[in-house]
Protein chains: 2
Amino acid sequence: MHQGQTHAAAYILADGWVCSYKLLRDGTRQIVDFQIPGDFLGLRSVLFRTADHNIEPVTPVEASEVMKSDLLLAFEATPRLATAVLWAASRDEAMVVEHLVGLGRRDAVERTAHFMLELTARLILVGRGSRAGFACPLTQYHLADALGLSSVHVNRVLRQLREDGLLTFHKGLVTIHNFDKLVELAEFDQAYLDHDGPLLL
Amino acid sequence: MHQGQTHAAAYILADGWVCSYKLLRDGTRQIVDFQIPGDFLGLRSVLFRTADHNIEPVTPVEASEVMKSDLLLAFEATPRLATAVLWAASRDEAMVVEHLVGLGRRDAVERTAHFMLELTARLILVGRGSRAGFACPLTQYHLADALGLSSVHVNRVLRQLREDGLLTFHKGLVTIHNFDKLVELAEFDQAYLDHDGPLLL
DNA sequence: CGGATAGTTGACTTGCGTCAATCCGCGTGG
DNA sequence: CCACGCGGATTGACGCAAGTCAACTATCCG
């Protein structure tokens with residue numbers, strides 16, 4: 001999916017990772033979020049006439065397409081579904097907000113730690129990770145574009161986290177050596193992920 | 001409204017400006033967005049059990065409270081209203097995303113210019129501004145907390161924009177001297193604001 | 001006439017970017 | 001089976017955008 005594209009559909013990810021991002025004129029990009037299995041994506045490109053961001057796969061993916069007309073009809077027929085989708089959209093926005101706070105007010109190390117902890121929490125929810133770590137298909141370039149850093153600096157940050165005995169990122173595997181200290185360092189509070197699910201009256 | 005608060009309501013702003021922000025442990029804050037007259041705010045704190053951010057007035061405000069139960073009942077009764085609110089939430093998210101891109105990939109001058117142009121576009125929509133400028137109740141501290149900069153640096157950036165004949169920020173008044181050059185500098189594309197309103201089937 | 005609050009400016013420091021070189025693992029094709 | 005190329009990771013040297021500290025001005029208000 002590309003910026004400016006019309007008639008885009010939405011998807012539910014069954015397997016694999018994708019990332020959504022925006023491109024700037026000078027060729028740099030900013031990754032807004034990664035979606036992992038179970039995530040609903042592309043809602044904005046359905047509600048808006050044209051997509052305002054790009055989505056591309058990080059790994060091979062398996063997904064179900066949800067067509068615009070079906071989605072809007074389902075909202076008419078089942079109002080609770082609309083409320084649930086609204087909740088999902090709000091959770092998405094909460095993640096973007098937390099990401100924004102990181103870019104604005106956390107230094108590179110805290111930001112990276114926070115990012116890893118968010119991924120961990122989300123992956124645990126769908127049974128693909130634990131407090132000890134998870135399989136991570138991202139490259140250091142992905143991290144750089146998500147964290148607003150250069151890939152060189154991401155590498156330095158990862159080295160520091162490794163040397164401090166907090167976390168290693170190697171060969172597609174993130175291993176967390178000290179979960180509690182990482183939480184402390186990143187000032188991570190997962191309230192914004194609202195794990196309890198939609199509130200239906 | 002404060003982080004952690006339960007039973008928060010939502011509001012429709014009739015007059016005045018407010019800002020929503022998150023606080024970090026070290027006392028710094030990151031402003032996520034400002035709301036201006038006509039904006040709907042606090043949706044997330046209604047759908048989630050506890051508010052995940054703070055909202056405070058910038059000026060004296062006038063607003064209508066929308067209670068949680070009324071909102072959810074209205075969704076059941078009027079599915080199109082739910083779709084419309086979903087659209088509004090998506091527009092909100094699109095603004096947060098654009099803000100995030102700015103923090104991650106634009107330098108201080110571009111970021112400030114972009115921010116001013118977004119405010120301009122939004123204020124024009126509600127008849128409180130024009131391409132020539134608008135009344136702006138924000139302090140340079142507000143700008144700093146929104147743009148992820150120090151107030152000292154915001155001051156330097158504003159000076160540069162003034163000296164380049166682009167924009168002045170003085171005494172609660174933003175005056176735009178060269179709209180087109182500002183758009184060019186900030187790489188501003190207002191597609192993400194989707195001015196056409198919700199798409200209802 | 002103090003005493004807030006907001007804005008302004010200069011001098012110095014620093015976190016992160018840029019450039020460049022090197023290394024490593026892997027797949028491909030001669 | 002080895003040579004090569006390529007994407008990703010790693011490291012050092014150097015530069016700059018933005019932060020910090022600190023002093024000063026302007027304005028408003030009781």
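These numbers come from the heavy atoms of this one structure, side chains and all, not from hydrogens, waters or symmetry mates. Residue numbers begin at 1 in each chain, while the letters A, B, ... track the order of the sequences.
When rounded to the nearest whole Å, the span between CD of A/Gln160 and C1' of C/dC16 equals 13 Å. If you take NE2 of B/His153 and P of D/dC16, they are 15 Å apart, rounded to a whole angstrom. Atom CG in A/Leu149 sits roughly 18 Å away from atom P in D/dA17 (whole-Å rounding). The interatomic distance linking B/His142 (NE2) with C/dT5 (C1') rounds to 13 Å, in whole Å. In this structure, B/Leu173 atom CG and C/dA6 atom P are separated by 18 Å, rounded to whole Å.
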Item to complete: Report, as a single string ordered 5' to 3', how protein heavy atoms within less than 4.0 Å touch nucleotides 5-13 of chain D: B base, S sugar-phosphate only, - not at all.
Response: ---SSBBBB
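Side chain of A/Asp164 to backbone of A/Leu166: no donor-acceptor contact under 3.5 angstrom is found. Judged by distance alone, with hydrogens and angles left aside, the side-chain atoms of A/Gln140 form no donor-acceptor pair with the main-chain N or O of A/Val154 at under 3.5 Å. Checking side-chain atoms of B/His142 against main-chain N and O of B/Thr139 turns up a donor-acceptor pair under 3.5 Å. A distance-only check finds no donor-acceptor pair linking the side chain of A/Thr78 to the backbone of A/Leu81 [under 3.5 Å]. Using modelled atom types, one side-chain atom of B/Ser45 and one backbone atom of B/Gly42 make a donor-acceptor pair closer than 3.5 Å. No donor-acceptor pair closer than 3.5 Å links the side chain of A/Arg162 to the backbone N or O of A/Thr168.
Legend: residues meeting salt bridge (charged side-chain N to carboxylate O under 4.0 Å, His left out) with A/Glu110, ordered by chain and number and at least two apart, are absent. Remark: A/Glu98 engages A/Arg106, B/Lys22 in a salt bridge (charged side-chain N to carboxylate O under 4.0 Å, His left out) (not counting sequence neighbours). Take A/Ser130 and apply the side chain to side chain contact (heavy atoms under 4.5 Å, CB included) test, not counting sequence neighbours, and it matches A/Ala132. Residues satisfying the side-chain hydrogen bond (donor to acceptor under 3.5 Å, both in side chains) criterion with B/Asp15, sequence neighbours excluded, are B/Arg128. Residues satisfying the side chain to side chain contact (heavy atoms under 4.5 Å, CB included) criterion with A/Ser90, sequence neighbours excluded, are B/Arg44, B/Leu47, B/Phe48.
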Do any side-chain atoms of residues 55-62 of chain A form donor-acceptor pairs under 3.5 angstrom with protein atoms, and if so which ones, sequence neighbours left out?
| unit_1 | atom_1 | unit_2 | atom_2 | d |
| --- | --- | --- | --- | --- |
| A/Glu56 | OE1 | A/Tyr21 | OH | 2.9 |
| A/Glu56 | OE2 | A/Arg29 | NH1 | 3.4 |
| A/Thr59 | OG1 | A/Trp17 | N | 3.0 |

Solution key, residues 31-41 of chain A side-chain donor-acceptor pairs under 3.5 Å, sequence neighbours excluded:
| unit_1 | atom_1 | unit_2 | atom_2 | d |
| --- | --- | --- | --- | --- |
| A/Asp33 | OD1 | A/Arg122 | NH1 | 3.3 |
| A/Gln35 | OE1 | A/Ser20 | OG | 3.1 |
| A/Asp39 | OD2 | A/Ile36 | N | 2.9 |
| A/Asp39 | OD2 | A/Arg122 | NH2 | 2.8 |

Filtered N/O pairs between nucleotides 22-25 of chain C and protein, under 3.5 Å:
none

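Rounding to the nearest 0.5 angstrom, the gap separating the CG atom in A/Asn54 from the CE atom in A/Met1 is 9.5 Å. Expressed to the nearest 0.5 Å, how far CG of B/Leu147 lies from OG1 of B/Thr112 amounts to 4.5 Å.
Residues of residues 110-117 of chain A that place a heavy atom closer than 4.0 Å to DNA chain C do not occur. For DNA chain C, the neighbouring residues in residues 101-109 of chain A, judged by any heavy atom under 4.0 Å, are A/Asp107, A/Ala108.
Using a cutoff of 4.0 Å between basic side-chain nitrogens and carboxylate oxygens, B/Asp145 and A/Arg105 are scored as salt-bridged.
Comparing the end axes of the helix from C/dC1-D/dG30 to C/dG30-D/dC1, each fitted to five base pairs by superposing C1' atoms of four pairs onto the next four, gives an inter-axis angle of 30° (nearest 10 degrees).
Residue-level contact check: B/Gly172 touches neither bases nor backbone, having no heavy atom under 4.0 Å from any strand.
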